[in-house]
**Q** 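Below is the structure I would like to discuss, written out as structure tokens.
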Amino acid sequence: CILALVRWKTKKGELISPANFIPLAEENGLIIPIDKFVMHAGCLQNKIWQGACKEKIGVAINVAGAQFGQENFVQEVLTILKNTDLDPQYLELEITETTIMKNIERAVQNLNQLKEAGIKVSLDDFGTGYSSLSYLQRVPLDSLKIDISFIRNVATNPDDAAIVKTIITMAHNLNLKVIAEGVEDEHQLEFLKAHGCDVIQGYLFSPPVPPEEFFNLLTRGNDQILLNK
């Protein structure tokens with residue numbers, strides 16, 4: 001599965017990190033059209049790649065809280081899939097704990113509709129939001145994504161190691177896949193592999209790259225690559 005990322009390219013060709021413009025976009029409401037653009041572009045690009053490769057892969061897209069809170073959010077996602085002709089099973093939406101807990105009833109309704117359509121759902125930045133785990137019993141998910149703050153020192157900090165091992169065990173007991181983000185060295189990789197983490201993403205495999213460069217990675221058949229935001 002590929003993670004679709006957004007970057008702002010200036011007239012001079014410089015790339016501006018989303019950390020520098022996403023907060024501003026959230027403040028002024030531009031995050032909603034930006035998210036719609038990213039979702040459409042990601043689905044369309046993945047459909048193009050599927051036509052050029054032997055094996056079909058999925059695309060994962062972050063969903064902002066403001067976008068998820070729109071009344072017509074599910075219908076917009078389905079419309080984008082229809083317009084890009086992408087099979088729903090190849091789309092995975094990443095949603096944070098904070099977004100879900102803002103309106104748990106609507107979140108459950110939206111996620112159930114997405115799941116019924118065949119779309120996968122991942123809980124992003126797990127472990128950094130609400131301390132209550134009761135919502136995990138109600139929310140239909142496919143995977144948990146361990147936040148980079150726990151992964152960074154997982155091979156050297158016993159507390160982080162304990163948290164990561166606990167999350168992996170809990171997720172597997174709930175029949176959920178576990179994704180680790182921000183993996184940058186072999187020590188982190190070996191720890192995660194030893195404790196049964198299902199998917200690894202991060203700079204250890206590749207930094208974020210534009211579509212034309214990623215196609216070369218894709219055709220090499222490296223199915224472990226997930227690009228980190």
Side-chain angles (χ1 to χ4, degrees), residues 1-7 17-19 22 42 46 55-63 90-101 111 120-137 139-209 213-214 216-229:
C1 188
I2 308 161
L3 178 56
L5 311 174
V6 61
R7 294 293 185 273
S17 168
I22 291 298
N46 194 43
E55 295 186 11
K56 295 182 178 181
I57 59 174
V59 60
I61 298 174
N62 294 114
V63 177
Y90 297 114
L91 175 61
E92 180 171 335
L93 300 182
E94 297 190 353
I95 302 170
T96 66
E97 292 178 272
T98 302
T99 294
I100 289 174
M101 295 303 294
L111 295 178
K120 296 181 176 62
V121 179
S122 176
L123 187 62
D124 197 15
D125 299 337
F126 184 74
T128 63
Y130 289 80
S131 58
S132 172
L133 299 177
S134 61
Y135 72 93
L136 288 177
Q137 297 176 314
V139 179
L141 300 169
D142 294 284
S143 59
L144 299 183
K145 194 170 182 180
I146 306 176
D147 188 72
I148 188 175
S149 62
F150 301 117
I151 301 300
R152 188 175 292 114
N153 299 313
V154 71
T156 57
N157 186 311
D159 292 336
D160 285 342
I163 290 173
V164 170
K165 287 188 288 185
T166 300
I167 292 175
I168 293 173
T169 299
M170 180 191 67
H172 287 167
N173 286 338
L174 293 171
N175 295 316
L176 299 175
K177 184 171 65 176
V178 182
I179 303 170
E181 64 177 350
V183 178
E184 298 183 352
D185 63 51
E186 293 289 344
H187 298 295
Q188 296 167 343
L189 175 62
E190 291 305 316
F191 177 92
L192 293 165
K193 288 172 60 178
H195 293 91
C197 187
D198 302 292
V199 178
I200 314 294
Q201 72 172 56
Y203 276 64
L204 178 61
F205 300 107
S206 172
V209 294
E213 292 183 29
F214 182 76
N216 294 328
L217 297 176
L218 191 62
T219 52
R220 286 209 307 259
N222 188 345
D223 61 359
Q224 285 187 303
I225 291 180
L226 269 169
L227 303 183
N228 190 20
K229 187 169 183 176

**Q** Measure across Leu3 and Ala60 and return the closest heavy-atom pair with its distance rounded to 0.1 Å.
**A**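 Minimum heavy-atom contact is CD1-O, 3.2 Å.
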
**Q** With rounding to the nearest 0.5 Å, note down the distance linking OH in Tyr90 to NZ in Lys56.
**A** 5.0 Å

**Q** Does any part of the side chain of Leu123, heavy atoms only, come nearer than 4.5 Å to the side chain of Val139, both counted from C-beta?
**A**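 They are not in side-chain contact.
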
**Q** Look up atom CD1 in Ile146 and atom CD1 in Ile151, then write down how far apart they are to the nearest 0.5 Å.
**A**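 The CD1 atom of Ile151 is 4.5 Å from CD1 of Ile146, to the nearest 0.5 Å.
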
**Q** Got His172 and Val178 here, is their nearest side-chain heavy-atom distance under 4.5 Å?
**A**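 Contact flag for His172/Val178 side chains = yes.
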
**Q** Using 0.5 Å steps for rounding, measure from the CD1 atom of Ile57 to the CD1 atom of Ile2.
**A**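 Answer rounded to 0.5 Å: 3.0 Å.
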
**Q** For the residue pair Gln188 and Ala155, what are the closest heavy atoms and their distance?
**A** N-CB, 4.3 Å

**Q** What are the two closest non-hydrogen atoms of Pro208 and Leu5, and how far apart are they?
**A**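 So the minimum-distance heavy-atom pair works out to CB-CD1, 3.4 Å.
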
**Q** Only counting residues at least two apart or in another chain, list the ones meeting side-chain hydrogen bond (donor to acceptor under 3.5 Å, both in side chains) with Asn153.
**A**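 Here no residue qualifies.
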
**Q** Quick one: closest heavy-atom pair of Leu111 and Pro140, and the distance?
**A**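 Heavy-atom minimum between the residues: CB-CG, 3.6 Å.
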
**Q** Within the structure provided, determine whether Leu141 and Leu174 are in side-chain contact (heavy-atom separation under 4.5 Å).
**A**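 No - every pair of side-chain heavy atoms lies 4.5 Å or more apart.
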
**Q** Does the side chain of Val63 reach to within under 4.5 Å of the side chain of Thr99, using non-hydrogen atoms?
**A** no

**Q** Quick one: are Val59 and Leu91 in side-chain contact, heavy atoms under 4.5 Å?
**A** yes

**Q** Show the numbers, then the answer: is there a side-chain contact (heavy atoms from CB on, under 4.5 Å) between Leu136 and Phe126?
**A** CA-CA 11 Å; Leu136 288 177; Phe126 184 74; 4.2 Å; yes

**Q** Given 3.5 Å as the limit, does a donor-acceptor pair link the side chain of Asn173 with the main chain of Thr169, or not?
**A**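 Answer holds: yes.
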
**Q** Asp198: what forms a salt bridge (Lys or Arg N to Asp or Glu O under 4.0 Å) with it, not counting sequence neighbours?
**A** none

**Q** Could you list the residues that satisfy side-chain contact (heavy atoms from CB on, under 4.5 Å) with Glu186, not counting sequence neighbours?
**A**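 For Glu186 the side-chain contact (heavy atoms from CB on, under 4.5 Å) partners, ignoring immediate neighbours, are Leu189, Glu190, Leu204.
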
**Q** Which residue pairs pass the side chain to side chain donor-acceptor pair (under 3.5 Å) test when at least one of the two sits in residues 156-166, sequence neighbours left out?
**A**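 Found none.
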
**Q** Going by side-chain hydrogen bond (donor to acceptor under 3.5 Å, both in side chains), name the residues that satisfy it together with Asp124, two or more places apart in sequence or in a different chain.
**A**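 If we apply the side-chain hydrogen bond (donor to acceptor under 3.5 Å, both in side chains) test to Asp124, skipping adjacent residues, the hits are Asn62.
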
**Q** Run the salt bridge (Lys or Arg N to Asp or Glu O under 4.0 Å) test against Glu94 and tell me which residues pass, sequence neighbours left out.
**A**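 Once residues adjacent in sequence are excluded, the partners of Glu94 under the salt bridge (Lys or Arg N to Asp or Glu O under 4.0 Å) criterion are Lys145.
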
**Q** Under 4.5 Å between any side-chain heavy atoms of Ser17 and Arg7, yes or no?
**A**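 Result no, sub-4.5 Å side-chain heavy-atom pair not found.
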
**Q** To check you understand the geometry: which heavy-atom pair defines the closest contact between Ile61 and Ala4, and what is its length?
**A**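 Taking every non-hydrogen atom into account, CG1-CB, 3.9 Å.
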
**Q** Kindly write out the residues that satisfy ring-ring contact (aromatic ring centres under 6.0 Å, His included) with His195, not counting sequence neighbours, or none if the list is empty.
**A** Phe191

**Q** For residues Ser143 and Ile179, report the shortest heavy-atom separation together with the two atoms involved.
**A**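 Taking Ser143 first and Ile179 second, the nearest heavy atoms are OG-CD1, 3.7 Å.
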
**Q** Asp147: which residues meet the side-chain contact (heavy atoms from CB on, under 4.5 Å) condition with it, sequence neighbours left out?
**A** Asp125, Thr128, Ser149, Phe150, Glu181

